[in-house]
Amino acid sequence: MGDQEGGLRARLVAVGVALVAEEGVQALTLREIARRAGVSHGAPRRHFPTHRELLSAIAREGFARVAAEAATAAADDGRGARERIAAVCGSYIRFAREYRGMYELMLRHDLLESGYLGLRSVSLPLFDLLTTLLIEARTETEAGTGSRPATATGARSGAGSDAGPGAGSRAGSDDGPRTGSDDRPEAGFDDGPESAPRPGAAPPRVTAGALWANLHGIVQLWEWGALKLATGEDDIDALLRAALDAHLGPDQR
């Protein structure tokens, strides 16, 4: 592929990223992307034979952003695993709120081709990262306070760690932390013997899935105004702390 053709491909994706940020998923038509890129409406098909492939290339940019900042938030810099989980979750929530159009596209499995451009390779690792941190958090809890259930019977909005750094690019499964309904943990990923759940505790990957679903619900209901109305809470971080308490148990610090 020549520089000119490669430049066109990159331009089409960049135009799509800007368009979804400005006008949302519904604006991502081949014709509109081509018009904004200054090419004929048939030109994108030289690089993206189907609309789904172009949308997948655009979504990949979002997954990459989420993943990169999640990796920064999870940096092993002396913080405990729970605090790093809070930082990763906080970065995910902020991305979802700041980049609403891209976030929606990343979750639209009906529009994406999960096996295209290694989409899973930039989405599944984020889910793996969250799972690994949950394993570490359980280990720290058992070492520090003795064995106790991984989930609390109730959630308190005032306890737990504050969410950390900003949001960003990267990803792990076709949908945020997963990429599509047909995705499964990649071969070779192993939680390891140390991750075996305590009696009554869900496996780490299941807990990670439940926590991620909780984050998605917090974002959607917060943006719709339902959570503020129901809880009277003005700080979304309070909902994140409550979610962490519910899935990890109250913070014992």
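Counting from 1, the numbers follow the sequence of the chain as shown.
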### Message
Asp77: which residues meet the salt bridge (charged side-chain N to carboxylate O under 4.0 Å, His left out) condition with it, sequence neighbours left out?
### Response
Arg79
### Query
Quick one: do Leu227 and Leu229 end up in the same hydrophobic cluster if we chain Ile, Leu, Val, Met, Phe, Trp and Tyr together by side-chain heavy atoms under 4.5 Å apart?
no
### Side-chain donor/acceptor of His51 to backbone N/O of Leu28, under 3.5 Å
yes
### Summary
CZ of Arg138 to CD of Glu142, rounded to nearest 0.5 Å, is 8.5 Å
## Note on the structure
In Val25, Ile33, Leu12, Leu112, the residue satisfying side chain to side chain contact (heavy atoms under 4.5 Å, CB included) with Ile58 is Ile33
### Message
Would you compute the distance between atom CZ of Arg9 and atom CG of Leu54 and round it to the nearest 0.5 angstrom?
### Response
9.0 Å
### Message
If we ignore hydrogens and angles and just use 3.5 Å, is the side chain of Ser56 paired with the main-chain N or O of Glu113 as donor and acceptor?
### Response
yes
### Task
Walk me through it: do Phe48 and Val13 pass the test side-chain contact (heavy atoms from CB on, under 4.5 Å)?
CA-CA 10 Å; Phe48 305 101; Val13 173; 3.8 Å; yes
#### Entry: Set of salt bridge (charged side-chain N to carboxylate O under 4.0 Å, His left out) partners for Arg35, sequence neighbours left out
Glu32
#### Entry: Listed partners of Arg97 passing salt bridge (charged side-chain N to carboxylate O under 4.0 Å, His left out), at least two apart
Glu223
### Task
Would you sort out whether Arg108 and Leu55 count as a side-chain contact (heavy atoms from CB on, under 4.5 Å), showing the intermediate values?
CA-CA 10 Å; Arg108 288 290 302 273; Leu55 294 182; over 6 Å; no
### Message
Going by side chain to side chain contact (heavy atoms under 4.5 Å, CB included), name the residues that satisfy it together with Glu22, two or more places apart in sequence or in a different chain.
### Response
Ala18, Arg36
### Minimum heavy-atom distance between Ala70 and Val88, given as atom pair plus value
O-CG2, 3.7 Å
Let me check something: any side-chain donor-acceptor pairs from residues 213-222 under 3.5 Å, sequence neighbours excluded? List them with distances.
unit_1, atom_1, unit_2, atom_2, d
Asn214, OD1, His247, NE2, 3.1
His216, ND1, Tyr103, OH, 2.7
Gln220, OE1, Arg100, NH1, 3.3
Gln220, OE1, Arg100, NH2, 2.9

### Query
Measuring from Glu233:CD to Leu239:CG, what's the distance to the nearest 0.5 Å?
6.5 Å
### Query
Which atom names give the shortest non-hydrogen contact between Cys89 and Leu244, and what distance separates them?
SG-CD2, 4.5 Å
#### Entry: Minimal non-hydrogen separation, Ala137 against Ile85, with atom names
CB-CD1, 3.9 Å
#### Entry: All side chain to side chain contact (heavy atoms under 4.5 Å, CB included) counterparts of Glu136, not counting sequence neighbours
Ala81, Arg84, Thr132, Leu133
### Query
For Ala27, what residues pass the side chain to side chain contact (heavy atoms under 4.5 Å, CB included) criterion, not counting sequence neighbours?
Leu19, Glu23
### Message
According to side-chain hydrogen bond (donor to acceptor under 3.5 Å, both in side chains), who are the partners of Asp235, at least two apart in sequence or on a separate chain?
### Response
none
### Task
Using side chain to side chain contact (heavy atoms under 4.5 Å, CB included) as the criterion, list what pairs up with Thr50, not counting sequence neighbours.
Arg52, Glu53
### Task
Heavy atoms only: give me the nearest His47-Leu8 pair and the separation to one decimal.
NE2-CD2, 3.8 Å
### Arg31: partners by salt bridge (charged side-chain N to carboxylate O under 4.0 Å, His left out), with sequence neighbours left out
none
### Task
Locate the shortest heavy-atom distance separating Pro44 from Leu30; write the atom from each residue and the value.
CB-CD2, 4.1 Å
### Message
Tell me the closest heavy-atom pair linking Phe95 and Gly62, and the distance in Å.
### Response
CZ-O, 4.0 Å
### Query
Going from CZ on Arg82 to OG1 on Thr141, what distance comes out if it is rounded to the nearest 0.5 angstrom?
7.5 Å
